Protein chains: 2
Amino acid sequence: MITVAVDCMGGDHGPGITLPACQAFLAAHTDAQLLLVGLPEALKDFSHPRARAVPASEVVGMDDPVEVALRKKRDSSMRVAIAQVKDKAADVAVSAGNTGALMAIARYLLKTVPGIDRPAIATQLPNARGGATTVLDLGANVDCTAEHLLQFGLMGAALVSVLKGHDEPTVGLLNIGEETIKGSEVIKQAGELFQAAHAAGHLNFHGNVEGNDIYKGTTDIVVCDGFVGNVALKSSEGVASMISGFLKAEFSRSIWTKAAALVAYPVLQALKGRLDHRRYNGAALLGLRGLVFKSHGSADAFAFEQALNRGYDAARNKLLEQVQARIAKTAPQQAVDTGAPVPAELAAHH
Amino acid sequence: MITVAVDCMGGDHGPGITLPACQAFLAAHTDAQLLLVGLPEALKDFSHPRARAVPASEVVGMDDPVEVALRKKRDSSMRVAIAQVKDKAADVAVSAGNTGALMAIARYLLKTVPGIDRPAIATQLPNARGGATTVLDLGANVDCTAEHLLQFGLMGAALVSVLKGHDEPTVGLLNIGEETIKGSEVIKQAGELFQAAHAAGHLNFHGNVEGNDIYKGTTDIVVCDGFVGNVALKSSEGVASMISGFLKAEFSRSIWTKAAALVAYPVLQALKGRLDHRRYNGAALLGLRGLVFKSHGSADAFAFEQALNRGYDAARNKLLEQVQARIAKTAPQQAVDTGAPVPAELAAHH
């Protein structure tokens, strides 16, 4: 039995979408049970033999500063949900709340895995091959060292091998040119670390990739710092929404184009389906001593259910153990290989 | 009379596209003359009363390393074209050659404007408002300080005010959140410099923007370092090309969808027109003591003509003087305002 702790209050819509998603999730997974965390009043009408309410008296707002979420709202639904994972009452926690607060609370309560300096956020983006590319980091870490980037690569590989049963997923390092001479100092150093890890059999490193490779699906995983990842993601969303706006405007220009839209409707629906980011909802917070998944704040019930599915799959396939195993195998080795200024005993106890 | 020096050999296609573009350009601008730089053999069939061939014995290849372009090929068409600007024989140079080589040679021959540490590359991207957003830097500078970013903002403002007759264009600083607390250390410092410049009346600073704001058209100008700018651009291209691939695949799925494509054809053509990046071809190399414009390497004749137009407009509207005036007005002031570690005399002679 897999137990998922759900922050039912998080996101733009709260229980209005999280509870229907929980019902659908329970119906689809007979070996799963849910801990529904939230204000008792909001949960009182929900009833299912495999669900139990866990009360929380506060809610982290989407605009709450991290400090408020972490220091003031100590009984928030977000924090209580993560506490279930810490206390081993749940295998994984899922929340659609504010990303900064979620990462801060998760990090504070769960701590990082030995060998990991900084947790990362990994998400999936659709690619032209009809699959999805896993990209990390997406906003948790803005100033990264080469070692951090390598850790992201190792964690991303563990995530993809667990979620897709794909033993040696390929990893690309996001850069501005395929030649190794390009890029910033940190990226150049990271390229060397990735190559060393590849040579040691710790990682299937493809080499440098560029922004468009995310959507080509050149590699299973694309690694970058959180600033660059966030800009890539937001720019992509911007283009997609501009194109969709143009398409709408052109199809509603005249009675003729409106007729054309009717004829083209099934094609446009199929296009929409292919680009439906709701299918890929559910980003993993990696590098913590417990599993936490983040749903998009504006998720609807379908999208939130995907985030629950992803968290459930990760727990069932023992993502936590996989990440720890990969890091344990690699981290001390890397510290020696690369002459990184991390004494072996520090790496081991970190 | 405006004189444009054209590197006729640059780009993926060379004279096959640059020469037809030159013909069209000359027909459209009766107050312009061209210096056609290239291998004499390649230029021998071109004849126009307002065009003159300038021989060059070498060509910089699209894959040539910067060192080779700069140190070995001293009589390349790219270098000779830029030398026309240095020697005041031309007002502006335009090339579709390799970006790294173009920037290195331009910087070597022309030097930077006083007060500018690093030249930048500024391009235009279409936005949802039906206009274009000017984004810089796009690949010239990977590790930037806050002062560099401010200089990019000032140069971008000069460019847009000259090309669009728009006196106080708005400037946004690309970040990962609208709150000033987010972002890397460099971005936070840059935010303070931009605010000080705004307060001093040197710049119309809008505040932080995110990746999607490029395509929303939130500000006239978006400033970022070259690494982030390149990733944003490439990611955007990746999404656009994935969507266009999906659209083609869905429309060619069956005889019915093919019929729908015929009906929707005018709409799809209009969409294509709106997204046509060829219209925005012609990136400015800013911060040099001479005007240089860069065409996309894969430009066709129509696109290359746009780059010629852009260079011509910049020369006619005295972009160089505008950039210098803005920098001269602001740079020493900034050094005092911000307590930046640049002594006033250094800033003045830089």
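Throughout, protein chains are lettered first and strands after them, A, B, ... in sequence-line order, and every chain is numbered starting at 1. If you're wondering where the values come from, they're calculated on a predicted model, not measured in any experiment.
In terms of heavy atoms, A:Ala232 sits closest to B:Val231 at CB-CG1, 3.8 Å. Considering all non-hydrogen atoms of both residues, A:Gly238 and B:Asn212 come closest at CA-CB, 3.7 Å. Residues B:Glu250 and A:Ala270 come closest through the heavy atom pair OE1-CB, 3.3 Å.
Rounding to the nearest 0.5 Å places OH of A:Tyr215 at 6.0 Å from OG of B:Ser235. A:Met242 CE to B:Ser236 OG: the interatomic distance, rounded to the nearest 0.5 Å, is 8.0 Å.
Options A:Leu262, A:Ile243, A:Leu233 differ in how many heavy-atom pairs under 4.5 Å they form with chain B, and the most are formed by A:Ile243. Note: A:Leu174 leads A:Thr257, A:Leu174, A:Asp225, A:Leu268 in heavy-atom pairs under 4.5 Å with chain B.
With a 4.5 angstrom heavy-atom cutoff, A:Ala249 touches chain B only via side-chain atoms.
Under the rule for a side-chain contact (heavy atoms from CB on, under 4.5 Å), the partners of A:Ala260 that lie at least two apart in sequence or sit in another chain are A:Phe251, B:Val263.
Under the 4.5 Å side-chain criterion, counting only non-hydrogen atoms from C-beta, B:Glu210 is in contact with A:Asn230.
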Throw together a table of side-chain donor-acceptor distances under 3.5 angstrom for residues 128-135 of chain A, partners on residues two or more places apart or in other chains.
from, atom 1, to, atom 2, distance (Å)
A:Arg129, NE, A:Gly217, O, 3.4
A:Thr133, OG1, A:Asn127, ND2, 3.0
A:Thr133, OG1, A:Ile214, O, 2.8

